[in-house]
There are 2 protein chains.
Amino acid sequence: MEGSTPRTRTRIQQEKREVILEAALEVFSTNGFRGSTIDQIAEAAGMSKPNLLYYFRRKEDIHETLMHRLLDTWLAPLKELDDIGDPMTELRSYIRRKLEMARDFPRESRLFANEILQGAPRIMSMLEGELKTLVDEKVEVIKGWMRAGKVAKADPWHLIFAIWATTQHYADFDVQVRAVLGPDRGGEGRFEDAARFLEQLFVEGLRPKT
Amino acid sequence: MEGSTPRTRTRIQQEKREVILEAALEVFSTNGFRGSTIDQIAEAAGMSKPNLLYYFRRKEDIHETLMHRLLDTWLAPLKELDDIGDPMTELRSYIRRKLEMARDFPRESRLFANEILQGAPRIMSMLEGELKTLVDEKVEVIKGWMRAGKVAKADPWHLIFAIWATTQHYADFDVQVRAVLGPDRGGEGRFEDAARFLEQLFVEGLRPKT
DNA sequence: CTAACGTTTGTCCAATCGGTCAAAAAATTG
DNA sequence: CAATTTTTTGACCGATTGGACAAACGTTAG
């Protein structure tokens, strides 16, 4: 018997919590936090509502756990942007990785987008703290590249925003992208087309002048 | 006395409907459709819930009216992208106009983003119809520019997506942008910085080769 | 077997939701 | 003024919501 905060978790608890989080990711990312019901998540997880509430006491706890997990993987690509290697190659790799995440983890992207859209009430402190610190750090790296003449001089902050925006667009606005491209061009090949275009845009757009 | 569909509207009806739509834009854009309540909108509009429901019978009617109005103004900049004038100047104007809309109408942008994020259940037919037709048309214009050597060859669809993504980012992800930029760089000047960066990125990125 | 513990569920509850309705209050019309 | 129509509101309703709870079920250890 544990106190109010169970530290040890049985095998079943760990497994069921994973099932719930997977179901919640699906539901939250398509309906938003307030638009999702515990019943929906419970049904998607294949269990009854009281049973779900046995593993997560409150709806917010599920969302919070999901968010914290997400942020680690979400910031990983930017963390990998390193000063070693050729600058333009580094930037291209970053763009490619972000686009792959939009392709492979669209639900995570939409969950994040939902949170930001609503004013980021639950992760504001992380944005101003961890994220800002990380961006500031990488901005210095990019500035170094620009001073060294390896990358065209431009605002590094807005460069990062542009990479975020263009890549996440393919996850967050997926329905619109597919609707506009139509059935022919809207297949899985759209990510390769996007990768080619974005590579061209950023490589040419950031090519240092002579 | 009117039938079930009142055609003529009194002065009060027109005014109150405007007040309600303004309030609903504020509420819907920050909480999403399901996350918003009629009470919230009524309070923001300064009237009681039954009174609001006297002007709009259902919550969905408000949202639908808001959406239809939005779409016209939202697509206007793309419609203006014309074959007359210098291609790169046309593209730069389009980017600037879209960025101005993100600055001046962020709530409209977020309302639209919310709808798309949730799978665009209410405007899917418009995406596949009106929007796709318009984009297809402008894609042809851009293709012409590319064939004429005025713009670097690139995928016109993804070029449009990139412009949408980078500009709307400053409305939809505003909290994140401001949090990352911090109090110093996050003031109103951020839109001018963004405009300069995006102009550089797209102009250099699309400069035709020799 | 029993006792103890972890798991699951049916039932219930208070709060909130979108929406109705009758009747009062304003405004308009004659 | 009175008659009529439009506008506003308090009270109310059924459905849904997040969550509580005790009882039942399952599993394991002695």
Side-chain angles (χ1 to χ4, degrees), chain A residues 1-28 30-67 114 118 121-122, chain B residues 1-28 30-67 114 118 121-122:
Chain A
M1 175 49 187
E2 299 287 336
S4 54
T5 32
R7 279 272 149 262
T8 57
R9 291 208 175 108
T10 68
R11 178 183 50 84
I12 290 185
Q13 274 176 351
Q14 295 201 15
E15 287 175 3
K16 289 294 172 89
R17 282 174 67 96
E18 287 307 315
V19 173
I20 292 171
L21 288 172
E22 157 67 25
L25 174 60
E26 184 72 27
V27 176
F28 279 143
T30 41
N31 302 110
F33 180 76
R34 286 211 53 186
S36 305
T37 70
I38 300 184
D39 287 284
Q40 285 176 321
I41 301 172
E43 191 190 340
M47 62 181 71
S48 64
K49 180 169 66 169
N51 196 10
L52 182 147
L53 285 168
Y54 169 73
Y55 293 102
F56 291 91
R57 300 166 99 99
R58 292 177 305 148
K59 182 184 172 186
E60 276 210 272
D61 291 349
I62 310 176
H63 192 264
E64 190 186 326
T65 305
L66 222 43
M67 272 293 168
N114 255 308
Q118 327 243 316
R122 286 168 257 270
Chain B
M1 176 50 188
E2 299 288 335
S4 54
T5 32
R7 277 276 147 261
T8 58
R9 292 210 174 106
T10 69
R11 176 184 50 84
I12 291 186
Q13 275 175 351
Q14 295 201 16
E15 288 174 2
K16 291 293 173 95
R17 282 175 66 96
E18 288 307 315
V19 173
I20 292 171
L21 288 173
E22 159 66 24
L25 174 59
E26 184 72 28
V27 175
F28 279 144
T30 41
N31 303 110
F33 180 76
R34 286 213 53 187
S36 305
T37 70
I38 299 183
D39 288 283
Q40 285 177 321
I41 300 172
E43 191 190 340
M47 62 180 71
S48 64
K49 180 169 67 171
N51 195 10
L52 183 147
L53 286 167
Y54 169 73
Y55 294 102
F56 290 91
R57 301 165 97 98
R58 293 177 304 150
K59 182 184 172 186
E60 275 209 277
D61 290 348
I62 311 176
H63 191 264
E64 190 186 326
T65 305
L66 223 42
M67 272 292 168
N114 254 308
Q118 326 244 315
R122 286 169 259 268

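Letters go in sequence order (proteins before strands), and every chain restarts at 1.
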Inset, instruction - Report the residues that fulfil salt bridge (Lys or Arg N to Asp or Glu O under 4.0 Å) with B/E60, sequence neighbours left out, ordered by chain and then residue number. - result: B/R122
Legend entry - Distance (rounded to the nearest 0.5 Å) between A/M67 CE and A/L25 CG: 10.0 Å
Legend entry - Student check: side-chain heavy atoms of B/Q13 and B/Y54 closer than 4.5 Å: yes
Inset, instruction - Take the protein atom CZ of B/F33 and the nucleotide atom P of C/dC17, then report the distance between them rounded to whole Å. - result: 14 Å
Legend entry - Residue-phosphate contact under 4.0 Å: B/Y54 side-chain N/O, C/dT20 OP1/OP2: no
Legend entry - Nucleotide D/dT17, atom C1' - distance to CZ of A/R58 in whole Å: 16 Å
Inset, instruction - Nearest whole angstrom, please: distance from the C1' of D/dT7 to the CZ of B/R17. - result: 15 Å
Legend entry - Whole-Å distance separating the CZ atom of B/F28 from the C1' atom of C/dG18: 12 Å
Return a table of donor-acceptor pairs under 3.5 angstrom between the side chains of residues 31-48 of chain A and protein atoms on other chains or two or more places apart.
| residue | atom | partner | partner atom | Å |
| --- | --- | --- | --- | --- |
| A/R34 | NH1 | B/G35 | O | 3.0 |
| A/S36 | OG | A/V27 | O | 3.3 |
| A/S36 | OG | A/G32 | O | 2.5 |
| A/T37 | OG1 | A/Q40 | N | 3.0 |
| A/Q40 | OE1 | A/T37 | N | 3.0 |
| A/S48 | OG | A/N51 | N | 3.4 |

Legend entry - Pairwise distance CD1(B/I20) to CD(B/E15) - rounded to 0.5 angstrom: 12.0 Å
Legend entry - Euclidean distance, atom CG of residue B/L53 to atom C1' of C/dA22 [Å, nearest integer]: 16 Å
Legend entry - Nearest to side-chain heavy atoms of B/P50, which nucleotide of D/dG19, D/dA11, C/dG19: D/dA11
Inset, instruction - Look at the side chain of A/K49 and the base of D/dG18, then say whether one donor and one acceptor between them are separated by less than 3.5 Å. - result: yes
Inset, instruction - Among the candidates D/dT7, D/dG19, C/dG18, find the nucleotide nearest to the side-chain atoms of A/K59. - result: D/dG19
Inset, instruction - Specify the separation, in whole Å, of atom CD1 of B/I20 and atom C1' of D/dT7. - result: 12 Å
Inset, instruction - Under the side chain to side chain contact (heavy atoms under 4.5 Å, CB included) rule, collect the residues that match up with A/Q118, sequence neighbours excluded. - result: A/N114, B/N114
Inset, instruction - Look at A/K16 and C/dT8 and indicate whether a side-chain polar atom (N or O) is within less than 4.0 Å of OP1 or OP2. - result: yes
Legend entry - Bending between helix ends of the helix from C/dC1-D/dG30 to C/dG30-D/dC1 [5 pairs per end, 10° resolution]: 0°
Legend entry - Any B/N51 side-chain nitrogen or oxygen under 4.0 Å from OP1 or OP2 of D/dT7: no
Legend entry - Contact list for DNA chain C against residues 35-48 of chain B - heavy-atom distance below 4.0 Å: B/S36, B/T37, B/I38
Legend entry - Those residues that, when tested against A/E22, pass salt bridge (Lys or Arg N to Asp or Glu O under 4.0 Å) (two or more places apart): A/R107
Inset, instruction - Take B/E18 and B/Y55 through the test side-chain contact (heavy atoms from CB on, under 4.5 Å) and record every step on the way to the result. - result: CA-CA 10 Å; B/E18 288 307 315; B/Y55 294 102; over 6 Å; no
Inset, instruction - Select base, sugar-phosphate, or nothing to describe what B/F56 touches, counting heavy atoms under 4.0 Å on all strands. - result: nothing
Inset, instruction - Considering just the side-chain nitrogens and oxygens of B/Q13, establish if one lies under 4.0 Å of OP1 or OP2 belonging to D/dT6. - result: no
Legend entry - Distance, rounded to the nearest Å, where A/E15 contributes CD and C/dT8 contributes P: 11 Å
Legend entry - Sub-4.5 Å side-chain heavy-atom contact between A/F56 and A/H63: no
Legend entry - Between D/dG19 (C1') and A/H63 (NE2): distance, integer Å: 18 Å
